[in-house]
Amino acid sequence: MYGIFTESVEEKLLLAGRETAGSKVMGLKEAVQSFVRTGMHLHIAHTYMRPNAAVFEICRSFWQKAPRFTISSLGFTGNMMLFVQGGLAQKLITTFCGDAYPFPGPNRIYQAAFQEGRVAIENWTVLTLVQRLLAGAMGVDWMPTHSISGSSLEEENADNLWVTSSPEGNKTIMVRAMNPDLTFVHAWAADPSGNLVLAPPYAEGPHGAFAAREGVVATVENVLTTRELKRYSHLVKIPGFLVRAVCPVPLGTHPAGASNHGVRDFEAYAEDEIFLQSLREACKDEEKTRAWVEEWLLDCPDHNAYLKKLGHDRIWRLKGRAATDSWQTELMDQVPAMTKAGKANPTETMILAASGLIKEKVKAENYRTILAGIGASNLAAWKSWYDLKRIDCQVDLMAEVGFFGYTPRPADPFIFNLRNIPTCSMLTDIITVLGNMVGSSSGRSIGVLGAGQIDQYGNINSTLIREMNLFLVGSGGACDVALGAQEVLVLIEMNPYRLVDRVSYITAPGERVRTLVTDLGVFEKGRGEEKLILTKIFNAGNKESDIIGEIKARCGWEIKIAPELETLSPPVDSDLMDIRIFDPERLFTAG
């Protein structure tokens, strides 16, 4: 057919279809024993699918053996407390240490280890930690960032920052490259050579894999032939030459979930909210923690035993909850409780007041995007988005892990819940959301955040109460948003421990924090003003003087009151239903 070239062409066609020799497929226990050594820097990648089965296996193998690991990860949540409880980690490099589902909060295990000096915590922001990995992946020593400037993280991380000036004379902060020894990744699929299929959103993306000095150990839901894998070549984000081992572990990200949006051939499963909340409860007490460890780690010799303990019925329930429309059934089950909820409580009043202000600001300032944190802040953003949609005002919701233009589904208030993924108009990563969209003037973004503490200057603290040596949770993306968005609105319930005269640790500087919404009233500051002043109070049927008296008693600074103090009317039922439909179990709005 091809003349004198026929034999050569036929050989090439034969070679193209041949599977590569030297399979990297092995058991997870074997991979950990083969590639993990005492004293290593391990990176637990968050490509939206967390390698939780690998976390369990590392902890089984090194439990109470003091391997002196340095472990980096975007967040230490849920079962990752095992690294601390089992004495595996001497240092955590991260943006968050605490409970995350369904809302962020301190975790006793991390707090005690930090306070007793058993574990060092190196704090970064979501954007800057990924930028450090990106620099390591690119083989450059430093990477510029718009974040961190003016926060306590700038002082705390001086050894890994380079503060300089641009040619134009502007302050420029560079973050040092980070190169872990070994990175653990969970993927939807791989071929025997280790080419990894990742489905969006990508969160930190593949940078931790490229940055690792000794490569990647990959856990996967499916092993495909190379021929089969090429159907998903547009989703292969980590090439096989980086991968040391491919370990088949179905449900390998449990108790987190896995969305198959874009990879429908694979079987999705939802977050195990019952498991996560029972773990959260167990972490509050040392005896309960030990019992939980015994049941879910030490009594399970491997991942198959862990799945057997979960049980067939529970696994099928998680797969059922992963269906795109499953929220409708869940919501129907909750309708009777929602209709009996009664009038607005202070938390709901705060959320609705914030949503109204977000709506006004988006219209007045022509903001194009809203990035909200977890908890009351995301409920306020969701409510305002629907209100703006009703009047055809275009604005896009974003979440830092890579959600853009999403429509929040009722029934589940968790901002990263998997059922919001199919509603996104774009699925991307942290660099794009926090770097390109929030951090650029073209994005015209408003940030909506919660906080552990805030002071009269708008400075936010969610990391450390220095006078008590009490670790909170860390920055997450708060500093990135506070220094990138055009304006920031904060929601926080009033008490003198949370509204303080001056925070002892600045997680996020307050220059762009222009509005503080509490459960009693609203504080604001105009452009160029230094301090927040009381501008609005909520009408709870009490005299104005009584309301102001309570605000003064619950505020940690001497408040200044606007000359024309506004009294806001109580929420109406239709607005209450708008937020209760997102939080039918009252996880965020119990008051």
Side-chain angles (χ1 to χ4, degrees), residues 12-13 15-20 23-25 45-51 74 130 133-134 137-138 183-212 215-250 252-253 256-269 322-324 396 398-406 416 418-437:
K12 289 173 174 58
L13 291 172
L15 289 172
R18 182 189 297 176
E19 291 292 320
T20 303
S23 171
K24 297 175 183 177
V25 177
H46 182 10
T47 57
Y48 203 65
M49 297 172 75
R50 291 179 183 268
L74 274 177
V130 178
L133 291 169
L134 176 57
M138 294 177 66
T183 290
F184 283 83
V185 174
H186 188 71
W188 264 116
D191 66 0
S193 297
N195 299 298
L196 301 182
V197 174
L198 304 179
Y202 296 114
E204 74 179 54
H207 311 309
F210 281 94
V216 173
V217 171
T219 55
V220 298
E221 299 283 333
N222 305 274
V223 177
L224 309 176
T225 66
T226 299
R227 184 187 295 273
E228 291 170 329
L229 183 94
K230 288 181 178 179
R231 294 174 53 198
Y232 308 100
S233 58
H234 58 298
L235 297 174
V236 174
K237 302 299 179 183
I238 298 174
F241 70 81
L242 294 174
V243 176
R244 307 287 299 278
V246 173
C247 309
V249 284
T253 193
S259 167
N260 65 352
H261 185 65
V263 285
R264 293 294 185 189
D265 296 337
F266 305 135
E267 199 168 26
Y269 50 95
T324 303
D396 287 300
M398 304 186 297
E400 62 196 33
V401 294
F403 293 15
F404 176 81
Y406 72 94
F416 302 130
L418 300 182
R419 286 173 289 194
N420 285 339
I421 290 177
T423 74
C424 292
S425 55
M426 177 181 180
L427 289 168
T428 181
D429 56 24
I430 286 165
I431 293 284
T432 301
V433 171
L434 290 179
N436 300 353
M437 293 179 177

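No experiment lies behind these values; they were computed from the predicted model shown.
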- [ ] Identify the heavy atoms of Cys247 and Val217 that sit nearest to each other, and give their distance.
- [x] SG-CG1, 4.2 Å
TODO: Could you please spell out the steps behind the side-chain contact (heavy atoms from CB on, under 4.5 Å) verdict for Thr324 and His261?
DONE: CA-CA 9 Å; Thr324 303; His261 185 65; over 6 Å; no
Task: Nearest heavy-atom neighbours spanning Gly208 and Leu133 - done: CA-CD2, 4.0 Å
Open item on the list: Going by side chain to side chain contact (heavy atoms under 4.5 Å, CB included), Asp191 matches just one of Val197, Thr225, Val236, Leu229. Which one?
Closed with: Leu229
- [ ] Find out whether Asp265 and Asn222 are in side-chain contact, i.e. whether some heavy atom of one side chain is under 4.5 Å from a heavy atom of the other.
- [x] no
Task: Pairwise distance CZ(Phe210) to CG(Leu242) - rounded to 0.5 angstrom - done: 5.0 Å
Open item on the list: To the nearest 0.5 Å, what is the distance between CG on Asn420 and CZ on Phe403?
Closed with: 6.0 Å
Open item on the list: Please enumerate all residues that pass side chain to side chain contact (heavy atoms under 4.5 Å, CB included) together with Ala199, with sequence neighbours excluded.
Closed with: Trp188, Val263
TODO: Given side-chain contact (heavy atoms from CB on, under 4.5 Å), test Asp396 with Phe404 step by step and report yes or no.
DONE: CA-CA 7 Å; Asp396 287 300; Phe404 176 81; 3.4 Å; yes
Open item on the list: Rounded to the nearest 0.5 Å, what separates atom CG in Leu196 from atom OG1 in Thr47?
Closed with: 9.0 Å
Open item on the list: Let me confirm one number: the CG-CG distance from Asp429 to Leu198, rounded to the nearest 0.5 Å.
Closed with: 11.5 Å
Task: Validation row: Pro201, Leu427 side chains within 4.5 angstrom (heavy atoms) - done: yes
Task: From Tyr202 atom OH to Ile430 atom CD1, the distance as rounded to the nearest 0.5 Å - done: 14.0 Å
- [ ] Compare all side-chain heavy atoms of Val130 with those of Leu74 and state whether any distance is below 4.5 angstrom.
- [x] yes
Open item on the list: Using every non-hydrogen atom in the two residues, find where Lys237 and Pro206 come nearest and quote the distance to one decimal.
Closed with: O-CB, 3.5 Å
TODO: Measure up the His46 and Tyr48 rings against each other and bin them: parallel (under 30°), tilted (30 to 60°), perpendicular (over 60°).
DONE: parallel
Task: N/O donor-acceptor pair under 3.5 Å between Thr253 side chain and Arg50 backbone - done: yes
Open item on the list: Testing the basics here: between Pro51 and Thr219, what is the closest heavy-atom pair and its distance to 0.1 Å?
Closed with: CB-OG1, 4.1 Å
Task: His207: side chain to side chain donor-acceptor pair (under 3.5 Å) partners, not counting sequence neighbours - done: none
Task: Nearest-0.5 Å distance that lies between atom NZ in Lys24 and atom CZ in Arg244 - done: 9.0 Å
Open item on the list: Please give me the minimum heavy-atom distance between Thr183 and Ala212, naming the atom from each residue.
Closed with: OG1-CB, 3.4 Å
- [ ] Check whether any side-chain heavy atom of Thr432 lies under 4.5 Å from a side-chain heavy atom of Met437, and answer yes or no.
- [x] yes
Open item on the list: Would Glu221 and Phe266 count as a side-chain contact (heavy atoms from CB on, under 4.5 Å) here? Give the steps.
Closed with: CA-CA 8 Å; Glu221 299 283 333; Phe266 305 135; over 6 Å; no
Task: Expected output: side-chain Ser193 to main-chain Asn195 donor-acceptor under 3.5 Å - done: no
- [ ] Of all the heavy-atom pairs spanning Ala190 and Val220, show the shortest one and how long it is.
- [x] CB-CG1, 3.8 Å
- [ ] Answer whether the closest heavy-atom distance between the side chains of Val246 and Pro192 falls below 4.5 Å.
- [x] no
